[in-house]
Amino acid sequence: MISINGLHKQFGDLEVLKGIDLQVNKGQVIVVIGPSGSGKTTLLRCLNILEVPTSGSIKIDDQTADFSKAVGKRKVDLLRRQSAMVFQHYNLFPHMTALQNVMEGPIIVKKTPKAEALKKAQELLNKVGLGDKHDFFPHQLSGGQQQRVGIARALALEPKVMLFDEPTSALDPELVGEVLQVMKDLAGEGITMIVVTHEMRFAKDVADEVIFMDQGKIIERSNPSDMFTQPKEERTRQFLNLIQ
Ligand code: ADP
């Protein structure tokens, strides 16, 4: 479903992604871990083309772009629509209700008729446990509720892959569980997900594979049980010792 080959991203002189190769199958949940600054967020942002890669290619389902050459805007748009991002700080529109936040993407991006977008948004908010909050504005919702709106909003775009960028790290500890539960439910439905997170419990319970990144490279990739009990690389071991 996803094939990333030789992906590089440079900000000025700083090379943040130094040749990422990654294949992901349909329905897989991939958790990405690694020290701060290792390029995890940049990788997700490149997949959603919020950052344009410097070189390398990205294929998601039936859309491919090779950034080693010039890539047209239409191609970028088509590739971008294959994924949807859930952000650390939710990034909801503050002047819109939960319902309007979820409807906005389909109406603007996919030109979905308003009545259809409304029905879908209602269903999605119900699905993430916010059936009674449709007309609430972000500031009237807890962080966990806002993030669940963020997840519903991403799902409304009907992406091939959901990208989660540390979705629980801005939340008070008691609100983390409700967001992780929604993500677990999505994983159970077979949605393809790439998740950057420090929630090792989630990684152990839900991930099909865990990827350890350091200094812009994938250092190690394995199933959660091997990654957490017998990592192959010394750098992975050091990182896991620090956080576990
Ligand atoms: P991580 O998510 O693993 O913490 P990031 O992908 O956020 O890592 O960042 C990797 C490196 O890229 C950091 O050194 C960061 O300062 C740098 N970086 C990220 N975005 C930009 C940007 N827009 N401009 C310049 N440097 C950036």
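If you read the sequence from its start, that first residue is 1, and numbering goes on from there. No hydrogens, no waters, no symmetry mates; every other heavy atom, side chains included, goes into these values. Each ligand, and each atom within it, is numbered from 1 in the order the structure gives.
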Is Phe136 close to Leu130 at the side-chain level, that is, under 4.5 Å between some pair of heavy atoms? no
If the cut-off is 4.0 Å to any non-hydrogen atom of Ser38, which atoms of ligand 1 fall inside it? 1 (P), 3 (O), 8 (O)
Closest to atom 3 (O) of ligand 1 among Gln10, Gln215, Lys40 (heavy-atom distance): Lys40
Salt bridge Glu116-Lys119, side-chain N to carboxylate O under 4.0 Å: no
Would you sort out whether Gln181 and Asp185 count as a side-chain hydrogen bond (donor to acceptor under 3.5 Å, both in side chains), showing the intermediate values? CA-CA 6 Å; Gln181 188 56 51; Asp185 293 345; 3.0 Å; yes
Are any of the heavy atoms in Ser36 under 4.0 Å away from ligand 1? yes
Consider every N or O of Leu14 and every N or O of ligand 1, then say whether any pair is closer than 3.5 Å. no
Identified salt bridge (charged side-chain N to carboxylate O under 4.0 Å, His left out) counterpart of Glu158 within the set Arg81, Arg153, Lys120: Lys120
Shortest protein heavy-atom distance from atom 19 (C) of ligand 1, along with the residue and atom involved: Phe11 CE1, 3.6 Å
Arg74 with Asp77: basic N within carboxylate O range, under 4.0 Å: no
Contact between Pro35 and ligand 1, counting heavy atoms under 4.0 Å? yes
Measuring only between side-chain heavy atoms, which start at C-beta, is Phe164 closer than 4.5 Å to Ile151? yes
Counting heavy atoms only, name the option from Thr42, Leu50, Asp165, Val16 that's nearest to atom 5 (P) of ligand 1. Thr42
How close does the nearest protein non-hydrogen atom get to atom 1 (P) of ligand 1, and which residue and atom is it? Gly37 N, 3.4 Å
What is the nearest protein non-hydrogen atom to atom 8 (O) of ligand 1, stated with its residue, atom name and distance? Gly39 N, 3.2 Å
Can you check whether Thr41 has an N/O within less than 3.5 Å of an N/O in ligand 1? yes
Atom 15 (C) of ligand 1 touched by protein (heavy atom, under 4.0 Å): no
Could you check whether any side-chain heavy atom of Val31 comes within less than 4.5 Å of a side-chain heavy atom of Glu199, counting everything from C-beta outward? no
Hey, quick one: are Ile30 and Met227 part of the same hydrophobic cluster, counting side-chain heavy atoms closer than 4.5 Å, chains of contacts allowed? no
